[in-house]
Participant: 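Encoded as C-alpha cells, here's the structure I'll be asking about.
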Amino acid sequence: MTTVTNIQRRRFLGQSAIGLAAYASLPKFVAAMGDMQGFPKVTPNKANPQFKADVEFDLFCSLGSVSILPGQNTKVQHYSAQLKTGPKDTLIDIPGSYLGPLINLHQGQKVRINLYNQLPEPTVTHWHGLHVPANMDGHPQYAIMPGAVLVYEFEVLNRAGMNIYHPHAHEATATQVYNGLAGALFVRDAEETALELPSGAYELPIVIQDRRFDQQNQLVYARNRHDHMLGLYGEQILVNGHANYQIDVESRAYRLRVLNGSNARIYKLAWDDGTPLTVLGVDGGLLAQPEVKPYVMLAPGERLDVWADFSGRNVGSSLVLRSLAFSGVLPKMAERMGGMMMHANQLPVGSEFAIFTARVTKKVSDSPKLPSKLSTIATHSVSNTANPNKPLPIAISESPMAMLLNGKAYAFNEPLPTERIKLNSLQLMEIFHNHGAGGHGRGMGMMMAMAHPIHLHGQQFQIVSRTINANHTEDYATVRDGFIDTGLKDTVLVMPGETVRIIKPFEDFTGLFMYHCHNLEHEDMGMMREFLVYA
Ligand code: C2O
Ligand code: CU
Ligand code: CU
C-alpha cells in the first residue's frame, strides 16, 4: 500500500504529446535522441528465452505526486514495481514514500527486470553495488527513450549486503535521483541468515536524503553555479521519503540498514545520548566482527549496517540519530563565506541536526544477542596485486570551471592507458587530489579542494591505507574516527589532502565500467571516467 499517486500509463500517453514538445526544445533531450557523447545507437535489450528467471518483476519509472510536507503534494519522479515470478517478499513498498520498493534478492538467484520508462525523458537504471555484466550495469549508453522497455537479466553473485538502484542517464543522474528515483536493494545469503540478526519488523531501512522545497512544497533543484560546483544541499532532511521521521521501537535490538541517498550531503552519524554506534557492515556487506564507533561518516552512495539496541530503555524514552558538527569537506573559501556561498542554507554543511527519532513504545524482555563474529572476509595484500609498485591513479582535480578525474572529464569509451584493465586481475589503486591538473594553478586548485565520495562500479574493493597531508590535519580530526575501512566497499570518501589506496578485483566480466564521484552534481558535470576491462 502506498499513497503515491501513479499517473496512469494511459494518462501519461495522453500528456506526452505536450510533454515531448516541451522537452524537444531542450538541448539535452535533443542530444539524447542522437548519439550524444559518441554513444553508439543500441536497441534496448530484450528478454532472452534461454534465461530461466527465478525472479522477474516490472520496474516502472514514472511521474507522480506524494505527500511529504503538510499541505500540497510534491511532484516527483519515482519507481514502482510489480512482481511476476519469485518469492512474495521480493518487493516491499515503503508506505507513502516516493522511494522505490525495497528489493530483496538472494545470492544465486537469476533475475529478470523489465524497466519501463514512463518519464518524459531518457533514463536507465544502475544496480549500485551489484557485480553484473557491463551491459546490465545501467551504463548511460543503454538509456531508453520515453515509452521504451529495457530488459535486465543477471545472476546475483554478491554476498549479502545493502545496495542501491538509481538512474544513471547521461548528465541526468542528479536530477532524476533528486526528483525521487532511488531505492534500496538487499542481497541475502546463507552466511548472513545463519547469524539470525534482527529481521522482519526488527530490520529497518533508513534512507537519508536532503531536499529543498519551495512555498508550494515543490522540489527546487540547483539554482546556480555553486549548487553544481559544491553539490546540491537541501534544507529538509528526509528519511525513507518522510520529514521529521519517527520510528516506534520495542526495548530490544534492531538492525538498521542505513543508506545515504543524498545528492551531495555528507553525514556524521551519532546517537544523541553519546551511545556509540555498533556497526555490523558497510557497502559490501558484513564486517568480520562488529565495530564500535563514536560516530560514523556517511557520504552519498555509502551504506551502513547498524546494530541498534534499545533493550533496558524505558517506554516513553527516545533516542535520536543526529549528524554532528564537522569541517573541511567544502572548499575553504566556501566554508569561510558560509552563508553567502550557500545562499544562507538553513542546514549548512557540517552543522549539527537531527535525522530521526526512535521512540520506545513497548517493553519486551527478550532480545537477540550481538554476535561476536559476523563473517570471514578474504583480504588481499598489496604484494598479491598485479601492480604492487605502480598503483593505478585516480587523480581528483577541482577548478572553478570543472571537476575532473585523471585530468579529464567524462568521455565515452576513451580509456587512458591506466584505465585499461586485464580481466581477472587484482589492481592496486591510489585516489588522490591533484590540484596541478587540468591546467589550473596550484593556488586556485588548493582553494577549491573538497571531499569527494569516489565510487567504482563492479566488484567491491578493500581499503589499504589513508594518508593525510599535514596541512589538513585540523579539519581531518573532526572526521577521522568515523571511517570504517575493514569491510568491503564500493564508495570511499576522500577528504581534501587525503590519499586513499585500495585493492580492487576485476573478475568475470569484460567491458566498460564507470567510476565517478557520487556527489551527483559532480558526476553530471563530468567527474566520471570508465575502466575498460579486456580479456
Ligand atoms: Cu550509485 Cu555509478 O552509481
Ligand atoms: Cu554504482
Ligand atoms: Cu566530487
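Each ligand, and each atom within it, is numbered from 1 in the order the structure gives.
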Participant: State whether Y221 and R212 meet the cation-pi test: NZ (Lys) or CZ (Arg) under 6.0 Å from the six-membered ring centroid, and within 45° of the perpendicular axis.
Facilitator: no

Participant: Sort by chain and number the protein N/O/S atoms found under 2.8 Å from the Cu ion (ligand 3).
Facilitator: H452 ND1, C517 SG, H522 ND1

Participant: I need the single residue from R529, E530, M403, H457 that forms a side chain to side chain contact (heavy atoms under 4.5 Å, CB included) with H516. Which is it?
Facilitator: H457

Participant: If you take the centroid of each ring, where Trp contributes its six-membered ring, are F531 and F513 closer together than 6.0 Å?
Facilitator: no

Participant: Using the benzene-type ring in the case of Trp, are the ring centres of F509 and H131 under 6.0 Å apart?
Facilitator: yes

Participant: State plainly whether the residues K489 and D283 are in salt-bridge range, i.e. N to O under 4.0 Å.
Facilitator: yes

Participant: How long is the span from the CG atom in N179 to the OG1 atom in T74, to the nearest 0.5 Å?
Facilitator: 11.0 Å

Participant: Any N/O/S atom of H516 sitting less than 2.8 Å from atom 2 (Cu) of ligand 1, backbone or side chain?
Facilitator: yes

Participant: Could you please compute the angle at atom 1 (Cu) of ligand 1 from NE2 of H518 to NE2 of H166, rounded to 10°?
Facilitator: 110°

Participant: Can a side-chain donor-acceptor contact be found between Y515 and E419 if the only test is distance below 3.5 angstrom?
Facilitator: yes

Participant: Among the N, O or S atoms of H128, which one sits nearest to atom 1 (Cu) of ligand 1?
Facilitator: ND1

